Amino acid sequence: MTSLTQQLTAIAAEAFQAQGLDPAFGQVIISGRPDLAQFQCNGALAAAKAAKQNPRAIAEKVAEALRGNPVFRDISLAGPGFINLSVTDAFLAGAMNRIAGDPRLGQPVKAKPEMVVLDYGGPNIAKPMHVGHLRAAIIGDALRRIFKFVGDETVGDVHMGDWGLQMGMLISELEIRRPDLPYFDAGFAGPYPAESPVTLAELEEMYPKASGDCKADPARLERARLATAELQEGRPGYRAVWQHFFDISVEAMKRDYGNLGVHFDLWKGEACVNDLIPPMVEDMKKRGIAIEDKGALIIPVKEESDKMDIPPLILIKSDGAAMYGTTDLATIVDRVNCQNPDRSIYVVDHRQGLHFVQVFRAAIKAGINGKGTLFHLGYGTMNGTDGKPFKTRAGGVMRLDDLIQMISGEALKKLTEHGLGGDYSEAERADIARKVGVAALKFADLSNNPIANYVFDLDRFSRFEGKTGPYLLYAAVRVKSLLRKAAAQGDKPGSILAPEEGERDLMLMLGQMPNAINDAYGELAPNRIADFAFNLAQVFSTYYNAFHILSEKDAAIRASRLALAELVLKELELCLDLLGIATPERM
RNA sequence: GACCCCGUAGCUCAGCUGGAUAGAGCAAUUGCCUUCUAAGCAAUAGGUCGCAGGUUCGAAUCCUGCCGGGGUCGCCA
């Protein structure tokens, strides 16, 4: 099972091959001139160039070969060699019934699944999650869902910042505040308390304080360094404190990601790979991959063909500490050990592009990456309406939970304004508001190209008209309501009949979904699916206005329209699910 | 300074492995709720695709140069 254009491409490819031409020229696409035809094939033009022949003549020969195929209602030539194609209504109806009967809605399962590790987290212990984590989460989780649906094995790793100097700062901060705690008593033998000595709020307050003090006071910084070193060497009391910090932070992260509907398979962090670093570094040193330079241990990654000077990756600083590039390399080792991925995709802010060039080159140079490829999907900055990186009105960084609360609150306001759900329970209204809010947020992000910067405009996102997540939810929910009403009057979706005048556009759209999914998959561009979903919702809204379903007198036609509506719903929900957007039952 | 990304309608953005007349949404104007949720639908208007060259039968798309905006460039992450 494939999309309509893929099916027609297979037919056209054969026709090209029969003329002794490369079947790759048989690419069939949706027509750019729907007034002339449903589909088109431009392959004759490219084939003519390659074979140095007249394009019109090639097009004529291919068209002649295609005329033998009964799926076509009309085949004509236009311009320098466009082949315009339209299919029969019977073919369209047959295709619709097949898709409707396919649990995957026409999307084939990938023949050779790959193991794909996606890295789209990066939250830090003790620091509240903020809008900076938003894009990675939204884009990465969507990609994970898309890859999984297409047929790959996927592992999403949150890859927390839970190690290093920041942890030493926090531990020493606690020790300064409460030196009497058993964690800091070197002679303490008994089991440490199960309860955390600090709350999340306290932890979040401690970090900026400690960080500021360390910046201002070298002695304070030295104390943090020492704590870091002792932590890494395994001092039991410090490890126990670290575990508390980790646990309460992870709990908060899981809540935030959960509210966003973002899933991770692995909750690993930098600490997990700490023990892999010394042997890795030792090995790289021994093999001459890493060399000493200015007191540091570096891996040169410069290449002849570089247009600019690529600085080396610094493995060990001159003070003996590891860097985040070191941790990233150790993480690659860990992933090869655990998942042995065919692909690793890092969904990280594009400003870290150079860092990943260094890490990837170092990994390849050291031969630690196993069989896989490494790819950095750098997404653009989320800016405010002033074009500068998004900030709160006070100029600070906005917390993720504040943001979600804000947009859910806005959604609730809109629901009330439109008099929707007045008779629903408080809990259901809150659930709907959260879904609508998250849909607004995610869809706005995912309908942009990941690479480009984008403007986060709460006012614009909160207006739920137009090309927005809420519009899509609205479209889906309307169909759900329709199906419920149909069931109540005893109607069931049936066999899809040959299209009436005005029904073809909807069918053509329904037959296109695999193209959108394949494009999104191939280009790592969820916006392909977002675009498709919006187009489908629009075409259906038009249809919904023009064709009344429940009041149709002919039972067979009623059942056919109902089946189309149900198929629209299935495709919409699938697309939304691939974008990580949940659809409420009603709104 | 070098390198990377971006520049498309008043605004926010799709489209970029070359194809016919460059698409959406918002904002503007005009219609449509005694039939399935009007967060909707129909219609009108809005463009030197940053500029200048080049390649091609054909360029928003590929190449070169320039202009404007953003980013990155050895011991932070």
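The structure presented is a predicted model; accordingly, all values stated were derived computationally and were not measured. Throughout, a chain's letter reflects where its sequence line sits, starting with A, and its residues are numbered from 1.
- Residues A/Ala296 and A/Tyr454 both approach RNA chain B. Their nearest nucleotides, taken by heavy-atom distance, put A/Tyr454 toward the 5′ side.
- For the C1' atoms, the distance linking B/U8 with B/A22 amounts to 8 Å, nearest Å.
- Taking the syn range as angles within 90° of 0, the glycosidic angle of B/C11 is outside it, so the base is anti.
- Across all strands, A/Ile298 comes closer than 4.0 Å to base atoms (heavy-atom distances).
- Comparing A/Gly295 and A/Gln40 against RNA chain B, the residue whose closest nucleotide sits nearer the 5' end is A/Gln40.
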In B/S/- notation (B base, S sugar-phosphate only, - none; protein heavy atoms under 4.0 Å), nucleotides 37-43 of chain B written 5' to 3' is BSBSSS-

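- One atom, CD1 of A/Ile83, and another, C1' of B/G19, lie 13 Å apart when rounded to the nearest Å.
- Within the 4.0 Å cut-off from OP1 or OP2 of B/C16, at least one side-chain nitrogen or oxygen of A/Arg528 is found.
- With both ends at atom C1', the span from B/C36 to B/G31 equals 22 Å, rounded to whole Å.
- A search for side chain to side chain donor-acceptor pair (under 3.5 Å) contacts involving A/Asp309 returns A/Lys302, not counting sequence neighbours.
- Base pairing in RNA chain B gives the following stems of 3 or more Watson-Crick or G-U pairs, range against range and under 3.5 Å: B:1-7 with B:67-73, B:10-13 with B:23-26, B:28-32 with B:40-44, B:50-54 with B:62-66.
- With sequence neighbours excluded, the residues that form a ring pair (Phe, Tyr, Trp, His ring centres under 6.0 Å) with A/His133 are A/His130.
- B/C76 atom P lies 15 Å from atom CD of A/Gln352, rounded to whole Å.
- Taking atom CD1 on A/Ile529 and atom C1' on B/A14, their separation rounds to 15 Å, with Å as the unit.
- Rounding to whole angstrom units, CG of residue A/Leu569 and C1' of B/C36 are separated by 14 Å.
- The ring pair (Phe, Tyr, Trp, His ring centres under 6.0 Å) search around A/Phe547 returns A/Tyr543, not counting sequence neighbours.
- Listed candidates were B/G74, B/C4, B/C36. Nearest to the side chain of A/Lys307 is B/C4.
- Comparing B/C3 with B/G65, their P atoms are spaced 9 Å from each other, to the whole Å.
- Contacts of residues 312-320 of chain A with RNA chain B (heavy atom under 4.0 Å): A/Pro312, A/Ile314, A/Lys317, A/Ser318.
- A/Trp163 places no side-chain N or O within donor-acceptor distance of the main-chain N or O of A/Val273, the cut-off being under 3.5 Å.
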Counting only pairs under 3.5 Å, give me each side-chain donor-acceptor contact of residues 439-452 of chain A, with atom names and distances, residues two or more places apart or in other chains.
unit_1   : atom_1 : unit_2   : atom_2 : d
A/Lys442 : NZ     : A/Leu260 : O      : 2.6
A/Lys442 : NZ     : A/Gly580 : O      : 2.6
A/Asp445 : OD1    : A/Arg135 : NE     : 3.1
A/Asp445 : OD1    : A/Arg135 : NH2    : 3.0
A/Asp445 : OD2    : A/Arg135 : NE     : 3.2
A/Asp445 : OD2    : A/Tyr454 : OH     : 3.1
A/Ser447 : OG     : A/Phe443 : O      : 2.7
A/Ser447 : OG     : A/Ala444 : O      : 3.4
A/Asn449 : OD1    : A/Ile451 : N      : 3.2

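- An OP1 or OP2 oxygen of B/U12 is reached within less than 4.0 angstrom by no side-chain nitrogen or oxygen of A/Asn383.
- A donor N or O paired with an acceptor N or O is found under 3.5 Å between the base of B/G74 and the side-chain atoms of A/Asp293.
- Note on A/Asn84: a base of the nucleic acid sits closer than 4.0 angstrom, heavy atoms only.
- A side chain to side chain donor-acceptor pair (under 3.5 Å) check over residues 485-494 of chain A, counting only residues at least two apart or in different chains, returns the pairs A/Gln489-A/Asp491, A/Asp491-A/Arg558.
- Taking atom C1' in both B/G15 and B/C6, the straight-line distance is 15 Å, to the nearest Å.
- Looking at residues two or more places apart in sequence or on another chain, you find no salt bridge (charged side-chain N to carboxylate O under 4.0 Å, His left out) involving A/Asp293.
- A salt bridge links A/Glu500 with A/Arg561: at least one charged nitrogen is closer than 4.0 Å to a carboxylate oxygen.
- With respect to A/Phe534, the ring pair (Phe, Tyr, Trp, His ring centres under 6.0 Å) criterion is satisfied by exactly one of A/Tyr474, A/Tyr471, A/Phe540: A/Tyr471.
- For the P atoms, the distance from B/U48 to B/C41 is 28 Å, rounded to whole Å.
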Encode nucleotides 57-64 of chain B as B, S and - characters from 5' to 3', where the letter depends on protein heavy atoms closer than 4.0 Å: B to the base, S only to sugar-phosphate, - to neither.
BB------

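- For the salt bridge (charged side-chain N to carboxylate O under 4.0 Å, His left out) test, no residue two or more places apart in sequence or in another chain qualifies with A/Lys570.
- Within 4.0 Å (heavy atoms only), A/Gln358 reaches no atom of the nucleic acid at all.
- Within 4.0 Å of A/Asn527, counting heavy atoms only, lie sugar-phosphate atoms of the nucleic acid but no base atom.
- At the heavy-atom level, A/Leu354 lies under 4.0 Å from the strands shown only through sugar-phosphate atoms.
- Remark: the separation of the C1' atoms in B/G69 and B/U56 is 32 Å, to the nearest Å.
- With C1' as the reference atom, B/A45 and B/C4 are 39 Å apart, rounded to whole Å.
- For the pair A/Arg361 and A/Glu303, the salt-bridge criterion is met [side-chain N within less than 4.0 Å of a carboxylate O].
- Distance check: A/Arg351 CZ to A/Tyr379 OH gives 8.5 Å after rounding to the nearest 0.5 Å.
- Atom pair A/Asn449:CG and B/C16:P shows a separation of 9 Å (rounding to whole Å applied).
- Using a distance-only test at 3.5 Å, with no hydrogens or angles considered, no donor-acceptor pair links the side chain of A/Ser560 to the main chain of A/Ala556.
- Within the nucleic acid shown, A/Phe356 has no heavy atom closer than 4.0 Å to any nucleic acid atom.
- Using a distance-only test at 3.5 Å, with no hydrogens or angles considered, a donor-acceptor pair links the side chain of A/Lys365 to the main chain of A/Pro300.
- One cannot find a donor-acceptor pair under 3.5 Å joining the base of B/A77 and the side-chain atoms of A/Asp328.
- Counting all heavy atoms, side chain and backbone alike, A/Ala227 lies closest to A/Ser172 at CB-CB, 4.2 Å.
- Rounding to whole angstrom units, CZ of residue A/Phe532 and P of B/G15 are separated by 16 Å.
- Across the protein-nucleic acid pair, A/Leu36 atom CG and B/G19 atom P stand 17 Å apart, rounded to whole Å.
- The stretch residues 126-140 of chain A has no heavy atom under 4.0 angstrom from RNA chain B at all.
- Here A/Glu585 pairs with A/Lys480 in a salt bridge; the nearest charged N to carboxylate O distance falls below 4.0 Å.
- Across the C1' atoms, B/U17 and B/A39 are found 38 Å apart, a figure rounded to whole Å.
- If you take CD of A/Gln27 and C1' of B/G18, they are 14 Å apart, rounded to a whole angstrom.
- Stacking here means ring centres nearer than 5.5 Å and ring planes tilted less than 30 degrees, and by that measure A/His548 stacks onto B/U35.
- Among the atoms of the strands shown, base atoms are found under 4.0 Å from some heavy atom of A/Asp35.
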